[in-house]
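The sequence lines fix the lettering, A, B, ..., with proteins before strands; numbering per chain opens at 1. These numbers come from the heavy atoms of this one structure, side chains and all, not from hydrogens, waters or symmetry mates.
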Amino acid sequence: MDWTDKRVRILALIIFVFWIILTESFAFLNLLLGVLIALIVSCLSYSLLRDHWSCMEDVNFRKFWRFCICTMRIVKDVFQANTDVGERVMDPKMPISPAVIKFKSNLPGLLPKVVLACFITLRPGTLAVDFEGDVIYVHCIADEFAKELMERKLENLVEWIFKEN
Amino acid sequence: MFEVISNSVVVLFLSVGVFFLWVGIVGIIRFPDIYSRLHAATKCDILGAGLVLIGLIIYEGFSFDALKLLAIAALLLSSSLVIGHAIARAARRTDLVFWHENREEKIMLEKEKLFREIFKV
């Protein structure tokens with residue numbers, strides 16, 4: 001319950017924008033109600049922010065911009081992944097040979113690992129299954145995708161996002 | 001004229017999106033185990049729902065409804081990946097085995113061994 005905190009104000013701003021989008025009006029009473037509700041909700045969820053903010057602390061605008069660039073680059077992979085799944089589904093013989101591999105990453109911190117797992121899931125033929133420390137268990141639908149993953153292009157991409165300079 | 005072009009673009013987006021959703025459903029039915037089914041479910045859901053929502057946003061033009069659709073898209077795309085990961089993690093933690101080519105032969109061999117042990121043939 002500390003509404004002088006910066007994090008609470010950021011959350012209140014996000015909730016307020018969401019409120020405007022949902023109610024579709026700029027009337028004074030509506031905006032006042034929105035501000036009140038945003039402040040109440042963000043104060044009530046203060047304990048959640050306090051306990052789970054630590055991984056978001058060193059996020060700045062440059063990292064966010066690089067993340068957007070990488071997302072644009074990943075969109076092509078998403079199309080490729082879908083056509084690949086489609087080919088395997090439509091084939092009467094169903095050419096799959098699944099394997100679970102351990103992928104060890106040297107990325108520091110929680111947020112880079114989460115981003116890496118999401119990118120792995122978006123790539124064709126791979127699915128991030130579980131975390132144990134530094135090891136990610138990845139389910140590959142065919143062997144060639146495991147080899148592709150081991151070239152570590154994806155890890156370099158995520159490393160580039162979270163680089164300091 | 002402009003309306004015809006924009007409507008045809010919308011129809012294109014919607015039909016490609018629905019096609020990919022259909023591919024995902026066929027994948028869920030046809031694939032042999034939970035992990036391969038998740039491949040079909042997560043990937044095809046992301047692209048299919050994304051294309052359908054983009055089509056609807058183009059149809060709606062610039063308005064509050066388009067912003068609402070954008071919010072739905074953001075929530076859907078960010079939660080779909082996490083939900084797929086959570087299901088796979090739960091499956092691994094409960095020791096569900098994953099399917100591979102030789103597994104059926106292996107099970108048959110084990111059954112044969114058990115049969116021999118029981119009936120001493």
Side-chain angles (χ1 to χ4, degrees), chain A residues 14-15 17-26 71 74-101 113-132 136-143 145, chain B residues 16-17 19-48 50-51 63-72 74-75 77-78 80-93 96-103:
Chain A
I14 293 170
I15 293 173
V17 171
F18 198 60
W19 169 269
I20 291 177
I21 290 173
L22 287 185
T23 54
E24 302 186 5
S25 97
F26 290 103
T71 316
I74 283 286
V75 167
K76 194 189 78 195
D77 285 350
V78 175
F79 272 92
Q80 219 177 341
N82 276 277
T83 47
D84 180 75
V85 168
E87 277 170 17
R88 280 170 207 278
V89 166
M90 296 305 160
D91 201 317
K93 285 185 218 154
M94 211 162 55
I96 62 173
S97 57
V100 173
I101 61 166
K113 279 177 196 161
V114 172
V115 173
L116 179 65
C118 285
F119 281 178
I120 284 175
T121 307
L122 285 176
R123 288 278 302 168
T126 50
L127 180 80
V129 172
D130 202 353
F131 267 112
E132 268 173 20
I136 309 177
Y137 289 82
V138 182
H139 182 266
C140 303
I141 208 159
D143 297 334
F145 297 118
Chain B
V16 175
F19 171 74
F20 277 119
L21 286 174
W22 179 72
V23 165
I25 292 165
V26 174
I28 291 174
I29 294 170
R30 278 203 72 196
F31 276 156
D33 72 334
I34 184 165
Y35 301 109
S36 346
R37 280 176 181 163
L38 275 174
H39 274 279
T42 52
K43 278 166 193 151
C44 295
D45 264 16
I46 287 166
L47 190 65
L51 286 177
S63 69
F64 270 113
D65 288 341
L67 283 177
K68 280 181 194 173
L69 285 168
L70 209 62
I72 292 173
L75 290 175
L77 300 189
S78 59
S80 178
L81 283 174
V82 179
I83 289 170
H85 175 68
I87 296 172
R89 185 186 167 95
R92 186 176 172 270
R93 295 274 159 110
L96 278 179
V97 282
F98 73 97
W99 182 90
H100 54 97
E101 295 104 318
N102 308 326
R103 187 172 154 227

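- Note that CG of B:Leu38 and CG of A:Leu127 are 6.0 Å apart. Values are rounded to the nearest 0.5 Å.
- No side-chain heavy atom of B:Cys44 sits under 4.5 Å from any side-chain heavy atom of A:Val89.
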Test A:Val78 against B:Lys43 for side-chain contact (heavy atoms from CB on, under 4.5 Å), laying out the working first.
CA-CA 7 Å; A:Val78 175; B:Lys43 278 166 193 151; over 6 Å; no
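- For A:Glu87, no part lies under 4.5 angstrom from a heavy atom of chain B.
- Looking only at distances, a side-chain donor or acceptor of B:His85 sits under 3.5 Å from a matching main-chain atom of A:Ala128.
- Distance check, rounded to the nearest 0.5 Å: CD1 of A:Ile21 to NZ of B:Lys68 gives 9.5 Å.
- For the set A:Gly125, A:Cys118, A:Pro124, the count of heavy-atom pairs under 4.5 angstrom toward chain B peaks at A:Gly125.
- With a 4.5 angstrom heavy-atom cutoff, B:Ala40 touches chain A via backbone and side-chain atoms both.
- Heavy-atom minimum distance, A:Ile20 versus B:Phe64: O-CE2, 3.8 Å.
- For the pair A:Glu24 and B:Leu67, the minimum side-chain heavy-atom distance is 4.5 Å or more.
- When all heavy atoms of B:Pro32 and A:Ile96 are compared, the closest pair comes out as CD-CD1, 3.7 Å.
- One finds the NE2 atom of B:His39 at 9.5 Å from the CZ atom of A:Arg88 (value rounded to the nearest 0.5 Å).
- A:Tyr137 OH: more than 12 foreign heavy atoms inside a 6.0 Å radius.
- Here the side chain of B:Arg30 pairs a donor or acceptor atom with the backbone of A:Pro92 at under 3.5 angstrom.
- The CG atom of B:Leu81 lies 6.0 Å from the OG1 atom of A:Thr121; values are rounded to the nearest 0.5 Å.
- The choice from A:Val129, A:Val85, A:Val100, A:Thr126 that makes the most heavy-atom pairs within less than 4.5 Å of chain B is A:Val129.
- Only the side chain of B:Ile46 has a heavy atom closer than 4.5 Å to any heavy atom of chain A.
- Residues A:Ile141 and B:Phe31 meet the side-chain proximity criterion, which asks for heavy atoms closer than 4.5 Å.
- Of the atoms belonging to B:Thr42, it is side-chain heavy atoms, and not backbone ones, that fall under 4.5 Å from chain A.
- Across every non-hydrogen atom of B:Arg93 and A:Phe131, the tightest pair is NH2-O, 3.8 Å.
- Only the side chain of B:Phe20 comes within contact range of chain A, with heavy atoms under 4.5 Å apart.
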